[in-house]
Amino acid sequence: MSGFSIAWLDLREGADFAARDKTLATQALAWLGQASDSVSPDRIIVDLGAGTGSTLRALTNLGANNIVWRLVDLDGKLLDEALRRHGKQHLIEDYQADLTIIQELPLTGAHIVSASALFDLVSAAFIDGLVDRLDARKTAVYAALNYDGSTTWSPAHPLDKKVLDAFNQDQHRDKGFGPALGPDCTAYLQKALENKGYKVTLQPSPWQLTAKDQALLTELIQGIYAAVGEGYGLNSGELNDWKHFRLAAIAEGTCTLGHWDLLALPR
Ligand SMILES: C[S@@+](CC[C@H](N)C(=O)[O-])C[C@H]1O[C@@H](n2cnc3c(N)ncnc32)[C@H](O)[C@@H]1O
């Protein structure tokens, strides 16, 4: 178990699909198309922190086919769900494994290592170790939906900035990889890959949420409220006001929450 429920991953998936940069995803697939050869005709994507298979679904919707999907996750229940949903139509190799044991990740023969909504959870040390392994075989990287620390609400509330500052501090909490990079993850991953000579392209992929995303917005607001409630010096009365204002504003308000997608190709 890793603390990500099927219900939460399902809830965010619509917003993730809409947000994911389609140009970058299509470039990743085009690169994959020319990467396989007659010696190793299988095209292999290793999806780290795969959950129930969101990356598989997103890239399949954009035309990915004949892929061997190696799905890696610590949470066996999520992998079982991925297999239940896709095991008949796709070639899936599932690996229940802890990503932090980098040397044992099943990367052999991989053309692309992908991830969605993962890299803001990880530490600098994890990225350093992973990039060393990827560089050894010049494996491409496609990492989507990495939180960037920006969240803009409409209508505004006077506590928005303080809540966001506290939330972004909380994003650095250890999620099992050491101190998390949180909003700094995209810049860190970009630099680590560029230092190895990769060609890195970034595209923004913000969630753009409105009243139609009521269930997701409700969970998001409750999640932010819970994350910043202790240890960040916010007045509990003011914070309660903020939460009630935000929940009441869902019906006519908007929320833009920033992410970046990254594609790194070996030269
Ligand atoms: C935010 S979820 C994203 C899931 C999926 N990629 C998606 O977009 O729906 C992060 C995923 O990383 C997995 N995870 C977290 N820490 C992990 C670890 N140490 N080893 C393997 N998987 C881990 C979780 O189980 C979860 O499935």
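This one's a predicted model, so the numbers in the text were calculated from it and none came from an experiment.
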Assess the residue pair R84 and D80 against the criterion (salt bridge (Lys or Arg N to Asp or Glu O under 4.0 Å)); give the C-alpha distance rounded to whole Å, side-chain angles, the decisive distance to 0.1 Å, and a yes or no. CA-CA 6 Å; R84 192 187 67 75; D80 286 349; over 6 Å; no
Whether the side chain of D21 engages the backbone of L24 through a donor-acceptor N/O pair (distance < 3.5 Å, no angle test) should be reported. yes
Donor-acceptor under 3.5 Å (R267 side chain, G197 main chain): yes
P183 versus Q171: any side-chain heavy-atom pair under 4.5 Å? yes
Answer yes when E81 and K77 have at least one side-chain N-carboxylate O distance shorter than 4.0 Å, and no when they do not. no
Salt-bridge contact E194-K199 (side-chain N to carboxylate O under 4.0 Å): no
Residue pairs fulfilling salt bridge (Lys or Arg N to Asp or Glu O under 4.0 Å) with at least one residue in residues 243-261, sequence neighbours excluded: D160-R246
Taking every heavy atom of L134 against every heavy atom of Y198, the minimum-distance pair comes out as O-OH, 3.3 Å
Between the side chains of K196 and D132, is the shortest nitrogen-to-carboxylate-oxygen separation below 4.0 Å, so that they form an ion pair? yes
Considering only heavy atoms from C-beta outward, does the side chain of F119 approach that of W260 to under 4.5 Å? no
D16/R20 ion pair, N-O < 4.0 Å: no
With the side chain counted from C-beta on, respond yes when D75 and F4 share a heavy-atom pair under 4.5 Å apart, and no when they do not. no
NZ/NE/NH1/NH2 to OD/OE distance under 4.0 Å, R85 and D10: yes
How about I127 and L181: do any of their side-chain heavy atoms sit closer than 4.5 Å? yes
Check whether H259 reaches the backbone of P206 with its side chain - one donor and one acceptor, N or O, closer than 3.5 Å. no
Show the nearest heavy-atom pair for residues L234 and K162, with the distance to one decimal. CD2-CB, 3.8 Å
Hey, mind stepping through E219 and R12 against salt bridge (Lys or Arg N to Asp or Glu O under 4.0 Å) and telling me if it holds? CA-CA 10 Å; E219 283 296 310; R12 59 172 293 164; over 6 Å; no
